[in-house]
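Predicted model, so just to flag it, every value in this text is computed and none were measured.
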Amino acid sequence: MRRWRALLAAGAAAPLLSGCIAAAVPVAAAGVVGKHELDRRHAKQEATEQAQTPPALVRGPGVPPPGGLMATKVPPSVQYLYGSAEAAAQQRQTYLELANFLIAKSSDRAVGHPVKSVVLAPGSTLDQPVFEPCGDKPLAVVLDADETAILNYGFEGDQVLRGGAYDQQRWNRWEQTGQGKVRPVPGVLDALEVARQAGVTVVINSNRLAANADATAATLKQAGLGSFTHLDTLWLSGDAGSGSGKDARRWAISAKYCVVAMVGDQLGDFSDLFNAPALGLKQRREALGTRDFEVMWGQGWFILPNPVYGTALKGDYGAVFPVETRWSDPAETQTPTPSGSAN
Ligand SMILES: [Mg+2]
């Protein structure tokens, strides 16, 4: 919105009121034209969320859970991601930043300023990254699906009740049958509306299976995220490359689109290079803060919290707590001895 305010104040908006940008004004300039538009969009998202009531994670006394499962305490990480206002605020913050960023990029394109891709090209390394060329390709924003665009209330609620390890086959069944049991991540509907009205195509790059493309498209649509076309605006595991790596799909998307922003909850949503097996915890944290990458966060790469699952959840004591930061309560007579490597 800052960009729009500056443009409007400078009288520079008139040239932009043609083509795709004109369509962005009613939404993008909501802060300028009044609160009504924002309220309408918030009401729309709330109505969508209320229509998709998630299953209860904790059952009341006397209410037997399905299948005779025991009522279960909700783990703190699950409380945070699926239940807390703090996580919702963080998600809204990220998506507002994304909306502002997309308006700025759309404005740049409209006035002929160069617009750059945020997808690392083949041959890139963490030390020598090279970004895909854009030319005059249409602009796009690429989002991961799970715990980025949608929150999987149904699956995670079932997992809390059942306990035990992650079950890939159960997840596959969830992909096929979970329509209506997810919620849009707070803020995502507003951001995608801004993107589309600014002429930025919304593309999903997910590790859900290509075999379940129709079911996943239905899940996204029912969550209010709009319609997606497999192999154009919906890319899934098996569509390009192999395994859980997403680079090959990003390159396929970049053949048609200039990807100006990406959103994810895992570093692999931005580059597979961050998931190199040889990369230790310390090196991984350092890699995203180098001169090349430190400027990407909130400026093309937008990341959301996920304390429940994924590549963030690793590292023993020695790796998580640097030696120079360790403290022991002086009131205690014994100092516990940690184990683990310091990498
Ligand atoms: Mg994800």
Side-chain angles (χ1 to χ4, degrees), residues 45-95 143-189 204 206-209 212 215-216 218-225 236-237 244 263-269 303-317 320:
Q45 171 138 355
E46 285 170 5
T48 302
E49 292 172 351
Q50 287 168 4
Q52 298 158 342
T53 305
L57 295 184
V58 177
R59 297 177 183 279
V63 181
L69 299 173
M70 297 296 292
T72 308
K73 186 177 179 183
V74 180
S77 61
V78 175
Q79 289 177 322
Y80 180 84
L81 188 56
Y82 301 95
S84 81
E86 284 78 359
Q90 197 173 355
Q91 290 154 340
R92 288 189 179 280
Q93 175 179 304
T94 298
Y95 275 114
L143 297 89
D144 166 54
D146 297 306
E147 276 56 66
T148 293
I150 53 175
L151 290 169
N152 290 292
Y153 278 91
F155 179 84
E156 295 298 336
D158 182 74
Q159 178 69 26
V160 167
L161 289 177
R162 295 181 189 282
Y166 170 77
D167 183 333
Q168 182 63 50
Q169 293 308 312
R170 183 180 298 151
W171 175 266
N172 291 346
R173 293 189 290 276
W174 164 247
E175 287 188 12
Q176 294 160 358
T177 64
Q179 296 80 31
K181 301 298 182 183
V182 304
R183 280 180 166 180
V185 168
V188 69
L189 298 187
I204 297 289
S206 168
N207 275 336
R208 288 184 174 221
L209 297 176
N212 296 330
T216 292
T219 297
L220 296 170
K221 186 162 190 170
Q222 200 160 339
L225 277 80
L236 301 165
S237 181
S244 60
V263 192
D265 65 310
Q266 313 282 327
L267 286 190
D269 293 324
I303 192 157
L304 294 156
N306 188 347
V308 176
Y309 66 85
T311 50
L313 305 184
K314 58 186 176 184
D316 58 22
Y317 189 97
V320 172

Open item on the list: Show, in sequence, the C-alpha distance, side-chain angles and deciding distance for T94 and V185, and conclude whether the side chain to side chain contact (heavy atoms under 4.5 Å, CB included) test is met.
Closed with: CA-CA 11 Å; T94 298; V185 168; over 6 Å; no
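- Every residue two or more places apart in sequence or in another chain that forms a side chain to side chain donor-acceptor pair (under 3.5 Å) with N212 is listed here: E175, Q176.
- Not counting sequence neighbours, A89 has no partner by the side chain to side chain contact (heavy atoms under 4.5 Å, CB included) test.
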Task: Intermediate values then yes/no, side chain to side chain contact (heavy atoms under 4.5 Å, CB included), V160 and V78 - done: CA-CA 9 Å; V160 167; V78 175; 4.3 Å; yes
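- The CZ atom of R183 lies 13.0 Å from the CG atom of N152; values are rounded to the nearest 0.5 Å.
- Annotation: side chain of I150 is in contact with side chain of L220 (closest heavy-atom distance under 4.5 Å).
- A 4.5 Å side-chain heavy-atom check between N172 and L209 finds at least one atom pair inside the cut-off.
- A pairwise comparison of heavy atoms in A149 and V188 identifies O-CG1, 3.6 Å as the closest pair.
- Shown here are the side chain to side chain donor-acceptor pair (under 3.5 Å) partners of S77, two or more places apart in sequence or in another chain: there are none.
- Rounding to the nearest 0.5 angstrom, the gap separating the CD1 atom in I204 from the CG atom in L236 is 9.5 Å.
- The side chain to side chain donor-acceptor pair (under 3.5 Å) test with N306 is passed by exactly one of T148, D144, D265: D265.
- Aromatic ring pairs are classed by plane angle as parallel below 30°, tilted from 30° to 60° and perpendicular above 60°; the pair F155 and W171 is perpendicular.
- Across every non-hydrogen atom of Q90 and P305, the tightest pair is OE1-CG, 3.6 Å.
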- [ ] Go through the steps to decide whether W174 and D158 satisfy the test side chain to side chain contact (heavy atoms under 4.5 Å, CB included), and finish with yes or no.
- [x] CA-CA 10 Å; W174 164 247; D158 182 74; over 6 Å; no
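- For the atom pair Q159 CD and R162 CZ, the distance stands at 9.0 Å (nearest 0.5 Å).
- A search for salt bridge (Lys or Arg N to Asp or Glu O under 4.0 Å) contacts involving D146 returns R208, not counting sequence neighbours.
- The distance between the ring centers of Y309 and Y166 does not fall below 6.0 angstrom.
- When all heavy atoms of E147 and L151 are compared, the pair lying nearest together is OE2-CA, 3.4 Å.
- Separating the OH atom in Y95 from the CG atom in L304 is a distance of 5.0 Å, to the nearest 0.5 Å.
- Annotation: side chain to side chain contact (heavy atoms under 4.5 Å, CB included) contacts of E86 (sequence neighbours excluded): Y80, S84.
- Shown here are the side chain to side chain donor-acceptor pair (under 3.5 Å) partners of T219, two or more places apart in sequence or in another chain: Q179.
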